[in-house]
Amino acid sequence: MNYNEVKTTIDMGGGRQIEISTGKLAKQADGAVVVKQGNTMLLATVVSAQEAKAGVDFLPLTVDYQEKYAATGRVPGGFLRREGRLSDHEILICRLIDRALRPLFPDDYHAETQVMISLISADKDIMPDALAGLAASAAIAVSDIPFNGPISEVRVAKIDGKLVINPLLSELERATLEFIVAGSAGDIGMVEGEAKEISEAEMVEAIEFAHKAIQEQVAAQVKLAELAGKTTKREYNHEPSNPELREQIFAATYDKVYAVAKSASAKHDRSEEFSQIAAEFALTLGEEIDEETAFLFKKYFHDVQYDAVRNLVLDEGIRLDGRDARTVRPIWSEVDYLPAAHGSAVFTRGETQSLTSVTLGAKDDEQLVDGVLFRGYNKFILHYNFPSFSTGEARPNRGPGRREVGHGNLAMRSLKQVLPTGDENPYTIRIVSDILESNGSSSMATVCAGALALMDAGVKIKSPVSGIAMGLITDEKTGKYAILSDILGDEDHLGDMDFKVTGTEKGIVACQMDLKINGLKWEVLSQALEQAKEARLHILNEMKKTLAEPRADYKPHAPRIVSFTIDKEFIGAVIGPGGKIIQEMQRETGATIAIEEVDNKGVVQVFADDKASIDDAVRRIKAIAAKPEVGEIYEGKVKSIMPFGAFIEIIPGKDGLLHISEIDWKRFETMDGIFNVGDMVTVKLLDIDKQGKLKLSRKVLIPRPETKEA
């Protein structure tokens, strides 16, 4: 044996344990661990370059999370039969880990760093995303990479009225709240999740409960690092410094930057004025400056902006656009903007604008999800697009990135909570939010526009949803802080918190919080939530001025869906051999037909843009699924002729025998010349025998001739 494996365990209660081990796998990485709970195993590795690239003034951190199909004993789909690009589900977990780790690296550490987490074995009832942040942090803990951690992530849910850490997947169906919470031993750094209209106090309680579990997992990582002898971190020098230049830049530009910040100018005007101040000072450095001076000038001027904007808020209570801390920017909205869409809305708040559409689709439009741990269909889809023109930039459109996937997911989770369920919503619903302008919280604009568009489409949502992004500015030296409602893009970049909260009048339905500071007090978090509630309700009232509740009916051009059930035995008859019957009905009626077995019944959905198509398809299906009834009269078609009679199809797929003796009161010796195949014949069903054979008669429908007296 050529390895020295060490382990620690975390007792989760109820007989559940998490084991963290290192020293056995991936030993050439800077740090590597295996995290195991039950049959679920995650391999996490971290590698960081020894030196930073010249001119880099940020941390080039990449976090990749991937679920291996072999973990559940499956072969991947697709032509290549191998794992491909990360799915949206995996990207969302990457973001959860990245957002928890990134703020804890030293500000002056700029070496290219890659964290990789792989699901290598899976228990289908143990959710690996709740363990992935722990695994990533543990890998860093047993490396020599500088890090102000460890951190960990846990899922907290309230199930049957009780808070639970890392519940089983099967238990989550009963949860009234579900958050992923990340933090260090002393602080909370990230929160994301959804809830069923909970109160602000209930949310704080859940986060506090989660933090206690995080502290236990952090302690286990510290112990693991000590056992592995990995407590010494590498020395580095990734940032040159020039205190004299820094002092010179502050002295020459701070007052000018402060004045621009206080002028309440528009986003692009403000950016242009900042650039002009920087350019004027750059001239004083001479025409030829070396790379190091250029690098430091850029960094120090950013520090000037950082200090000036924050001090303006803390000292004078004035924000970049002139608002105070609690004021929400002006709002206007409009519905039914797109006449051909099934529902649409424009929502504008300040310099942020979303044009959102709703499309109502059939069952065939459901999204197939073929993941490692989940295979099934999704009938609610939300796509968020962020084109470059929304910020006045020109760059190639390469499709949605991780940011777009994350923002769309937050909006989806918010609106999902108020959608009608079961028979109240037969549609597959797709929402598309195109951000046309952006200066702060476009995901929250998507939530507001999405709620308006759903109501415009006539979807009977339980209640409208609004969202707000909150910010925080703090001064650790003086203890001053300011909570900001409806933050701008610059306030997000230069501030200490980005806290997005969505909800109805009754309570919170989703949230996403990222902190960049240590030491957030619980009372500050509670205050931020209460201020967010005030802003949410204000936005909700503005939305209601445009549309307060769902329209009474769908748009005239919106498709209609008729749902009904048939006996299970008729499913095959409706579909036909190789789908022949159902395809023919769809082609001839113009309707889309979906049929599936649910609870031993055939559930049929007929989807079309016009009533005539639906009625035609429904009539045909019900004819196929009808049960022959003794005593009923049918107009049937001659399907075949035999010497002893004819087989008549009285309903699609159901033939009965019209015996030669039942054709007429007079006697026929042969079937020749009586019927042709395809003739329509009126018959009465006399009997159904034990084998299910149908006995038909035509003569009982013909008056019996009078017999002549002898």
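Computation of the quantities below employed the complete heavy-atom set of this structure, encompassing side-chain atoms and omitting hydrogens, waters and symmetry-equivalent molecules.
Side chain of Thr40 to backbone of Asp123: a donor-acceptor contact under 3.5 angstrom is found. Side chain of Glu404 to main chain of Gly401: a donor-acceptor pair is present (N/O by atom type, distance under 3.5 Å, no hydrogens or angles). Side-chain atoms of Gln531 come within 3.5 Å of backbone N or O of Ile483 as a donor-acceptor pair. Under the 3.5 Å distance criterion, the side-chain polar atoms of Asn311 are matched with a main-chain donor or acceptor of Asp307. Between the side chain of Asn409 and the backbone N or O of Val405, no donor-acceptor pair lies under 3.5 Å. Judged by distance alone, the side chain of Thr352 and the main-chain N or O of Gly350 form no donor-acceptor pair under 3.5 Å. Counting only distance, with no hydrogens or angles, the side chain of Glu19 and the backbone of Thr9 share no donor-acceptor pair below 3.5 Å. Under a 3.5 Å cut-off, the side chain of Glu90 and the backbone N or O of Ser87 do form a donor-acceptor pair. Checked by atom type and distance alone, the side chain of Ser121 pairs as donor or acceptor with a backbone atom of Asn39 at under 3.5 Å. Side-chain N or O atoms of Arg326 include none that pairs as donor or acceptor with a backbone N or O of Ser485 at under 3.5 Å.
For Cys448 against Ile539, the heavy-atom pair with the smallest separation is SG-CG2, 3.8 Å. Considering every non-hydrogen atom in both Leu177 and Val156, the closest pair reads CD1-O, 3.9 Å. The shortest heavy-atom contact between Leu172 and Ala157 is CD2-CB, 4.0 Å. The minimum heavy-atom distance between Leu410 and Ser443, with the atom names listed, is CD2-OG, 4.1 Å. Residues Cys511 and Val191 approach most closely at SG-CG1, 3.8 Å, considering heavy atoms. Scanning all heavy atoms of the two residues, the minimum distance from Ser184 to Ile214 falls at O-CG2, 3.9 Å.
Atom NZ of Lys379 is surrounded by more than 12 heavy atoms from other residues, nucleotides or ligands within 6.0 Å. Annotation: Lys223, atom NZ; neighbour count of heavy atoms from other residues, nucleotides and ligands within 6.0 Å does not exceed 12. Residue-environment remark: CD (Glu476) stays at or below the threshold of 12 foreign heavy atoms within 6.0 Å. The 12-atom threshold is not exceeded at CG of Asp107, counting heavy atoms of other residues, nucleotides or ligands nearer than 6.0 Å. For Phe374, the CZ atom counts as densely surrounded, since its 6.0 Å shell holds more than 12 non-hydrogen atoms of other residues, nucleotides or ligands. Remark: Arg403 CZ is packed, more than 12 non-hydrogen atoms of other residues, nucleotides or ligands lying under 6.0 Å away.
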**OP:** Mind running side-chain contact (heavy atoms from CB on, under 4.5 Å) on Ile93 and Glu67 for me, showing each step along the way?
**Re:** CA-CA 11 Å; Ile93 297 175; Glu67 296 179 345; 4.2 Å; yes
Subject >> Worked verdict on Arg536 versus Val501 for side-chain contact (heavy atoms from CB on, under 4.5 Å) >> reply: CA-CA 8 Å; Arg536 280 194 296 106; Val501 190; 4.0 Å; yes
**OP:** Dump the intermediate steps for side-chain contact (heavy atoms from CB on, under 4.5 Å) on Trp522 and Ile188, then the final yes or no.
**Re:** CA-CA 10 Å; Trp522 293 110; Ile188 291 298; 3.8 Å; yes
Original post:
Which is it for Gln114 and Asp64 under the side-chain contact (heavy atoms from CB on, under 4.5 Å) test, yes or no, and what are the steps along the way?
Top reply: CA-CA 8 Å; Gln114 183 180 45; Asp64 289 318; 3.8 Å; yes
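Within the 4.5 Å cutoff, the side chain of Asp129 has no heavy atoms near those of the Leu92 side chain. Counting heavy atoms from C-beta on, the side chains of Ile140 and Ile151 never come closer than 4.5 Å. The closest side-chain heavy-atom distance from Thr474 to Arg310 is below 4.5 Å. Under the 4.5 Å side-chain criterion, counting only non-hydrogen atoms from C-beta, Asp434 is not in contact with Pro387. Between Ile145 and Phe105 there is a side-chain heavy-atom pair separated by less than 4.5 Å. Taking 4.5 Å as the limit, some side-chain heavy atom of Ser441 sits within range of a side-chain heavy atom of Arg349. Inter-residue side-chain proximity for Asn439 and Arg329 is flagged as met; some heavy-atom pair is nearer than 4.5 Å. In this structure the side chain of Asn166 reaches within 4.5 angstrom of the side chain of Met12, judged on heavy atoms.
Electrostatic pairing of Lys480 and Asp475 does not count as a salt bridge here, judged by no charged N lying under 4.0 Å from a carboxylate O. For the pair Asp30 and Lys233, the salt-bridge criterion is not met [side-chain N within less than 4.0 Å of a carboxylate O]. Using a cut-off of 4.0 Å between Lys/Arg side-chain N and Asp/Glu carboxylate O, Asp321 and Arg323 are scored as salt-bridged. Ion pairing between Lys267 and Glu437 fails under the 4.0 Å rule for side-chain N and carboxylate O. Using a 4.0 Å cut-off between charged side-chain N and carboxylate O, Lys516 and Asp514 make no salt bridge. A salt bridge links Arg99 to Glu192: one of the charged nitrogens lies within less than 4.0 Å of a carboxylate oxygen. Under 4.0 Å is where a charged nitrogen must lie from a carboxylate oxygen, and between Glu178 and Arg155 at least one such pair does.
In the model, Ser170 has a side-chain atom that pairs as donor or acceptor with a side-chain atom of Asp125 under 3.5 Å. Of the N and O atoms on the side chains of Glu197 and Thr504, at least one donor lies less than 3.5 Å from an acceptor on the other residue. In this model, no donor atom of one side chain and acceptor atom of the other lie less than 3.5 Å apart for Glu523 and Ser526. Between the side chains of Tyr384 and Ser354, not a single donor N or O lies within less than 3.5 Å of an accepting N or O.
The distance from the CD1 atom of Ile487 to the CG atom of Leu320 is 11.5 Å, given to the nearest 0.5 Å. With rounding to the nearest 0.5 angstrom, the NZ atom of Lys212 is 13.5 Å from the CD1 atom of Ile207. Put simply, NZ on Lys124 and CG on Leu373 are 8.0 Å apart, with the number rounded to the nearest 0.5 Å. Atom NZ of residue Lys36 and atom CD1 of residue Ile18 lie 13.0 Å apart, to the nearest 0.5 angstrom. Taking CG of Leu436 as the start and OG of Ser442 as the end, the distance is 11.0 Å to the nearest 0.5 Å. Atom OG1 of Thr502 and atom CD of Gln417 lie 8.5 Å apart (nearest 0.5 Å).
The aromatic rings of His493 and His302 sit perpendicular to each other, their planes meeting at more than 60°, with 30° as the lower class boundary.
Just one residue in the list Lys533, Lys462, Lys544 forms a salt bridge (charged side-chain N to carboxylate O under 4.0 Å, His left out) with Glu505, and that residue is Lys544.
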